[in-house]
Structure formats: C-alpha cells, structure tokens
Amino acid sequence: MEKLNSKLYVQNCYIIKENERLRKKAQILNQENQQLLLELKQKLSKTKNPNGSNQGSNNNLSSSSSASGQS
C-alpha cells in the first residue's frame, strides 16, 4: 500500500509540474494573441472607411478578445 501511495505521489508531482508549465505557456500565448489583436485593430482603424462601414468588424474583434482573455 505504501508503495502504491509513493507511486501516486510521484505521478501527482509530475502532473502538477506539467500543469504549471502548460499554464505558463498558455499565458505567453495569450499575451502574444492580445498583442496581435491590438496590432490588427490599429491597422483596421487606419484603413477604416470614412463612412464607417467597418464598425461591425471592429465590434467582432473586441468581442473575440474578451473571449480569448479567459483562461
């Protein structure tokens, strides 16, 4: 029984370390995604038509950024 507990403990430690590694990677990817989204929004605002026909697409981008911020 003690051997099984030790084995499960080691597996649990490995899972915790892997989880931390993946969480850090996800945070980095999210930061990169937010930066790319910001750059895209800036490019879209520069090329926006004077009559405002691109406003609908800007709303879609802002809603996708809030969804991607959730981890």
Side-chain angles (χ1 to χ4, degrees):
M1 186 64 153
E2 206 171 301
K3 187 176 180 180
L4 177 62
N5 282 344
S6 296
K7 184 178 179 181
L8 291 173
Y9 175 77
V10 170
Q11 287 178 341
N12 191 30
C13 289
Y14 173 77
I15 290 169
I16 290 170
K17 283 187 177 185
E18 184 71 6
N19 189 22
E20 289 171 358
R21 185 186 70 81
L22 291 172
R23 187 182 312 274
K24 287 177 185 177
K25 189 172 185 175
Q27 287 174 340
I28 291 169
L29 289 172
N30 187 42
Q31 289 172 351
E32 290 176 6
N33 188 35
Q34 293 299 318
Q35 183 62 35
L36 289 170
L37 184 61
L38 179 63
E39 290 174 20
L40 180 60
K41 284 181 178 181
Q42 288 171 347
K43 286 181 182 179
L44 285 174
S45 68
K46 288 179 183 176
T47 61
K48 188 170 152 182
N49 291 337
N51 62 10
S53 64
N54 284 347
Q55 285 183 356
S57 63
N58 285 339
N59 289 340
N60 290 339
L61 287 175
S62 62
S63 64
S64 67
S65 68
S66 62
S68 66
Q70 297 174 354
S71 314

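For the numbers below, each heavy atom of this structure counts, side chains included, while hydrogens, waters and symmetry mates do not.
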Between the CG atom in Asn5 and the CE atom in Met1, the distance rounded to the nearest 0.5 Å is 5.5 Å

So how far is it from Gln27 CD to Asn30 CG, rounded to the nearest 0.5 Å? 8.5 Å

With Glu32, which residues qualify under side-chain contact (heavy atoms from CB on, under 4.5 Å), at least two apart? Ile28, Leu29

Who pairs with Glu39 by side-chain contact (heavy atoms from CB on, under 4.5 Å), at least two apart in sequence or on another chain? Gln35, Leu36

Measuring from atom CG of Leu40 to atom CG of Asn33, what distance do you get when rounded to the nearest 0.5 angstrom? 10.5 Å

Under 3.5 Å, sequence neighbours excluded: what are the donor-acceptor pairs made by side chains of residues 13-25?
{"from": "Glu18", "atom 1": "OE1", "to": "Arg21", "atom 2": "NE", "distance (Å)": "3.4"}
{"from": "Glu18", "atom 1": "OE2", "to": "Arg21", "atom 2": "NH2", "distance (Å)": "2.7"}

